[in-house]
Amino acid sequence: MRKYLMIASASLLALGACQPADESQSGPSEEDTITVYTTIFPYEDWTKKIGGEFVEVENIVPVGADAHTYEPTPQTMIDVAEADAFIYNGASLEPFADKITSAVEDYDVVTLEASAATDLIAREHDHEHGNEHDAHNHEAEDEHGHHDHDEEDGHDQHDNEGEGDSATATIDDHEEEGGSHDGHHHGDQDPHVWLDPIRSIEMAEAMKDMLVELKPEQEAYFNDNFETLKAQFEELDAQMQEMVNDASVDTFIVSHAGYGYWEERYGIKQIGIAGISSTDEPSQTQLVETVETAKKLGLHYVVFEPNITPSVAKVVQDHLGAEALTIHPLEALTQEDEQADADYFSIMENNIETLRTALNN
C-alpha cells in the first residue's frame, strides 16, 4: 500500500510541476462549475440535484462495480486532486477512501464523509436472526422510535408462523466454523445509511452546505434545490410507511443483510443469508438455520440484489422452493439502470414494490 501511495503522490507532484498554477485546467467554463467526485451512486445523484447547472459530478466506482472491493488507479487519485470536492460514505464502506483522502490532503479539495452528518446504527452481527424472528408479531419496539409517524404498525395480528417442516438441508462447500469473509469487514456501524430517507435528508443537507461553502453566491439556488430534494425524501418515507402498514408479514429473506436501516425505522425484519457485506458467506449451520426460520415463517420469496447474487442465496431459494425477487442496494447502478436513466427515487420506488410483494405472502 505504501508503494501504491508513493506512486500516486509522485504522479500528483509531477502533474503540479508541469502545469502553471494560474492556468485553467478545463477551459474558461470551469470557473463557473464545481467539480465533485463521489464513491456511491446516491451521493452522485443528490449532488447533481442540489447543484444543478453549477456542478459536474462523477462517481469514481464504475457502473456494475462494488465499492467494497474497488481500488482506485493513480489517475483517479489525480482526477480527485484536481477537483473541488470529494464525497464518500465512510463507516468503512469504501476501504479505498482513506487512500484518496490521504493523497489529496495537501490539495485544495474539500472532503465530505457523508455518514458523519447523521447517526448510524450498530452493525447487526451476522446471522443472529435465529430465535428473534420466532415471535413474529411486528411489535415496533420503542428503540425504533426515530420515525416521526404516529400510525400504529398494524401488524400485531401477524400469525403466519406456519408449521413448516424442519429443514434437513445438506449444503456442501461451506465451512462449519464462521464461513469465508475474504478479509472484508464493515466495522461496528452499518454503513448503508443512504437507504433511510430521513437520515438521507441530513446527509444531503451536508452536501448542500458544502456546495454553498464552495460557491456562496449561489446559496439561494442550492437551498431551493435542497428543499425540493427534502420533500422527495419525505414523500418516499411516507410511501415506505404506507407499504409496511399494508403488509401481511413483517419479515423478508434477502441475499445480503444490508437493510438494517429499514428494520430500525419501519419495524420490518430482514433475514440476511450473507452478512452485512455482500462478500460474507455463512457456514452450513447458519444456512440450515436460515432455511428453518424461513419455513417456520412461511416465507415464499427470496430477495436478491442485481449486481451480486451469492450462490448460497440460490441454495436457500432452492430449499425453500421460493420465488426470486430483486431489490437494489443503490451503491452502484447496473447497465440497465443507466440505460433507463434511473435515479435514487425511481430505484427506491421499485424497491418499495418489491417489498410490497415480499411482505404479502
Side-chain angles (χ1 to χ4, degrees), residues 36-51 55-73 76 87-89 93-94 96 114 184 191-197 200 203-204 229 232-233 235-237 239-240 243 252-259 261-262 270 272-274 276-280 300-318 322-360:
V36 183
Y37 283 90
T38 62
T39 59
I40 62 173
F41 170 69
Y43 302 157
E44 175 191 12
D45 189 47
W46 305 346
T47 306
K48 286 179 177 178
K49 285 177 164 61
I50 297 168
V55 297
E56 291 290 339
V57 189
E58 182 176 340
N59 201 53
I60 65 174
V61 179
V63 170
D66 184 356
H68 303 91
T69 56
Y70 172 76
E71 286 291 334
T73 65
T76 297
I87 303 173
Y88 64 105
N89 186 76
L93 177 76
E94 320 98 321
F96 65 86
H184 176 75
H192 305 95
V193 63
W194 61 88
L195 292 168
D196 181 340
S200 294
M203 295 189 293
L229 185 62
Q232 290 180 281
F233 284 127
E235 173 60 24
L236 183 65
D237 173 60
Q239 292 176 31
M240 284 285 292
M243 177 273 298
F252 66 104
I253 185 168
V254 64
S255 57
H256 163 215
Y259 303 91
Y261 286 93
W262 292 348
Q270 63 177 336
I273 301 172
I276 200 168
S277 167
S278 56
T279 59
D280 291 346
H300 300 152
Y301 300 95
V302 174
V303 182
F304 293 89
E305 296 180 354
N307 284 330
I308 302 174
T309 302
S311 59
V312 291
K314 183 65 165 60
V315 170
V316 171
Q317 180 194 1
D318 290 345
E323 183 178 342
L325 299 173
T326 300
I327 206 160
H328 203 307
L330 284 113
E331 290 176 36
L333 294 180
T334 65
Q335 294 289 349
E336 292 77 12
D337 296 328
E338 195 169 57
Q339 292 168 5
D341 199 24
D343 72 351
Y344 173 86
F345 296 99
S346 64
I347 295 172
M348 282 290 284
E349 286 166 0
N350 287 339
N351 283 344
I352 289 174
E353 293 310 308
T354 293
L355 289 173
R356 193 184 307 279
T357 299
L359 298 176
N360 285 279

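Start at 1 with the first residue, then count along the sequence. Scope of the values below: all heavy atoms of this structure, side chains included, with no hydrogens, waters or symmetry mates.
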query: If you round to the nearest 0.5 Å, how far is CD of Glu353 from CE of Met348?
result: 12.5 Å

- request: Working to the nearest 0.5 Å, report the span between CG of Leu333 and CD of Glu338.
  value: 6.5 Å

- prompt: Has the side chain of Asn351 got a donor or acceptor atom that lies under 3.5 Å from a matching backbone atom of His328?
  reply: yes

message: Under the criterion side-chain contact (heavy atoms from CB on, under 4.5 Å), I'd like the reasoning laid out for Ile50 against Leu229: C-alpha separation, chi angles, the key distance, then a yes or no.
response: CA-CA 7 Å; Ile50 297 168; Leu229 185 62; 3.8 Å; yes

task: Please confirm whether Trp46 and Phe233 have ring centers closer than 6.0 angstrom.
output: yes

- request: Mark yes or no for whether Asp237, through its side chain, and Pro197, through its backbone, hold a donor-acceptor pair below 3.5 Å.
  value: no

Gap between atom CD of Glu349 and atom OG1 of Thr354 - 0.5 Å precision: 12.0 Å

query: Do Ser200 side-chain atoms and Asp196 backbone N/O form a donor-acceptor pair below 3.5 Å?
result: yes

field: Test log, rule side-chain contact (heavy atoms from CB on, under 4.5 Å), inputs Thr38 and Ile60
entry: CA-CA 6 Å; Thr38 62; Ile60 65 174; over 6 Å; no

side-chain contact (heavy atoms from CB on, under 4.5 Å) involving Asp318 - partner list, sequence neighbours excluded: Lys314

Atom pair OH/OH of Tyr88 and Tyr43 - distance to nearest 0.5 Å: 11.0 Å

field: Partners meeting salt bridge (charged side-chain N to carboxylate O under 4.0 Å, His left out) with Asp343 (sequence neighbours left out)
entry: Lys49

- request: Verify side-chain contact (heavy atoms from CB on, under 4.5 Å) between Leu355 and Met240, making sure each step is shown before the conclusion.
  value: CA-CA 9 Å; Leu355 289 173; Met240 284 285 292; 4.2 Å; yes

task: Please check if the side chain of Asn350 supplies one atom and the backbone of Ile347 the other of a donor-acceptor pair under 3.5 Å.
output: no

message: Does any part of the side chain of Ile273, heavy atoms only, come nearer than 4.5 Å to the side chain of Val315, both counted from C-beta?
response: no

- prompt: Does a sphere of radius 6.0 Å around CD in Glu56 hold more than 12 heavy atoms from other residues, nucleotides or ligands, not counting ones at 6.0 Å or beyond?
  reply: no

task: Look only at the side chain of Gln317 and the backbone of Ala322, and say whether a donor-acceptor pair between them is shorter than 3.5 Å.
output: yes

message: Any side-chain to backbone donor/acceptor pair from Thr326 onto Pro306? Under 3.5 Å, distance only.
response: no

message: So Arg356 and Ile352, do their side chains get closer than 4.5 Å, heavy atoms only?
response: yes

message: Nearest 0.5 Å, please: how far is NZ in Lys48 from CG in Asn59?
response: 8.5 Å

message: Pair Ile327, Phe304 - check side-chain contact (heavy atoms from CB on, under 4.5 Å), show working.
response: CA-CA 6 Å; Ile327 206 160; Phe304 293 89; over 6 Å; no

- request: Quick one: sort the His68 and His256 rings into parallel, tilted or perpendicular, breaks at 30° and 60°.
  value: perpendicular

task: Any chance you could measure Phe41, atom CZ, to Glu331, atom CD, to the nearest 0.5 Å?
output: 12.5 Å

message: Between Trp194 and Asn89 (side chain of the first, backbone of the second, donor and acceptor by atom type, cut-off under 3.5 Å), is there such a pair?
response: no

